[in-house]
Amino acid sequence: MKVNVVLEPERIDIQVTIHAPAATPEVEALAARLLMEGNGTVLGFRGAEATPLNLADILRFYGEDKEVRAQTAAGLYTVRQRLYELEERLAALRFARISHSEIVNLRQVTALDLTLTGTIRITLSDGTVCWASRRYVKRIKEVLGL
């Protein structure tokens with residue numbers, strides 16, 4: 001892959017153009033990653049249809065059937081990023097990893113219930129219940145300031 005950076009002081013915004021011989025999964029993943037990092041959206045897919053999802057509307061990301069899903073009030077979408085990529089990107093935006101296979105939007109959390117076994121029961125704004133594993137409880141408490 002070859003990367004060129006051209007600085008134009010008169011330009012107001014950043015423009016990225018991808019030149020490729022074909023639309024490969026690598027090219028699509030690169031475009032999706034650039035789109036996600038450029039604004040507050042993630043590209044979600046339902047079949048062949050791609051939809052930009054506003055990060056504020058996403059309840060959680062989770063792994064299912066070797067894919068990463070994004071859950072919103074409008075439904076489920078498949079995203080092309082891996083959970084560790086999303087975790088790195090969204091940590092500053094009040095998203096927290098709660099288990100090996102799940103990241104939640106802390107702005108969408110309506111209730112936390114600490115159990116005797118050391119896990120946390122998390123209720124999201126649409127009523128979805130998630131469970132934080134003991135391994136991630138310390139990090140969640142740090143993010144929430146508990």
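What you are looking at is a predicted structure, and each value in this text was computed from that prediction instead of being measured. Count residues from 1 along the sequence.
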Could you list the residues that satisfy side chain to side chain contact (heavy atoms under 4.5 Å, CB included) with Ala56, not counting sequence neighbours?
Asn54
Check whether more than 12 heavy atoms from other residues, nucleotides or ligands sit under 6.0 Å from atom CD of Glu64, and answer yes or no.
yes
Do Gln108 and Thr128 come within less than 4.5 Å of each other through their side chains, counting heavy atoms only?
no
Is Leu114 reachable from Ile122 through a run of hydrophobic residues whose side-chain heavy atoms are each under 4.5 Å from the next?
yes
Answer yes or no on whether Arg46 is positioned over the face of Tyr77, meaning its NZ or CZ is under 6.0 Å from the six-membered ring centre and within 45° of the axis.
yes
Could you state the interatomic distance from CD (Glu88) to CZ (Arg82), rounded to the nearest 0.5 Å?
13.5 Å
For a quick test of reading the model, state the closest non-hydrogen atom pair linking Ala73 to Leu59 and the distance between them.
N-CD1, 4.3 Å
From Thr78 atom OG1 to Arg69 atom CZ, the distance as rounded to the nearest 0.5 Å:
4.0 Å
Between Thr110 and Leu124, which heavy-atom pair has the shortest distance, and what is it?
OG1-O, 3.6 Å
Is there a side-chain contact between Asp126 and Gln71, using heavy atoms and a 4.5 Å cut-off?
yes
Establish whether Ile58 and Tyr62 are linked, either directly or via other cluster members, by ILVMFWY side-chain heavy-atom contacts under 4.5 Å.
no
Nearest heavy-atom approach of Ser133 to Ser99 is OG-CA, 3.9 Å
Between atom CG of Leu90 and atom CD1 of Ile103, what is the distance when rounded to the nearest 0.5 Å?
6.5 Å
Just checking, any donor-acceptor pair under 3.5 angstrom between side chains of Arg134 and Thr119?
no
Using the side chain to side chain contact (heavy atoms under 4.5 Å, CB included) rule, take Phe61 and Glu102 through it: C-alpha gap first, then chi angles, then the decisive distance, then the call.
CA-CA 6 Å; Phe61 293 99; Glu102 193 164 2; over 6 Å; no
To the nearest 0.5 Å, what is the distance between OH on Tyr136 and NE2 on His100?
7.0 Å
Ile18 side chain reached by Val27 side chain, heavy atoms, under 4.5 Å:
yes
d(Leu43 CG, Gln81 CD) to nearest 0.5 Å is 8.0 Å
When every non-hydrogen atom of Ile98 is compared with those of Cys130, the smallest separation belongs to CD1-CB, 3.7 Å
Output the distance between atom CZ (Phe45) and atom CG (Leu53), rounded to the nearest 0.5 Å.
9.5 Å
The criterion is side-chain hydrogen bond (donor to acceptor under 3.5 Å, both in side chains); which residues satisfy it with Glu49, sequence neighbours excluded?
none
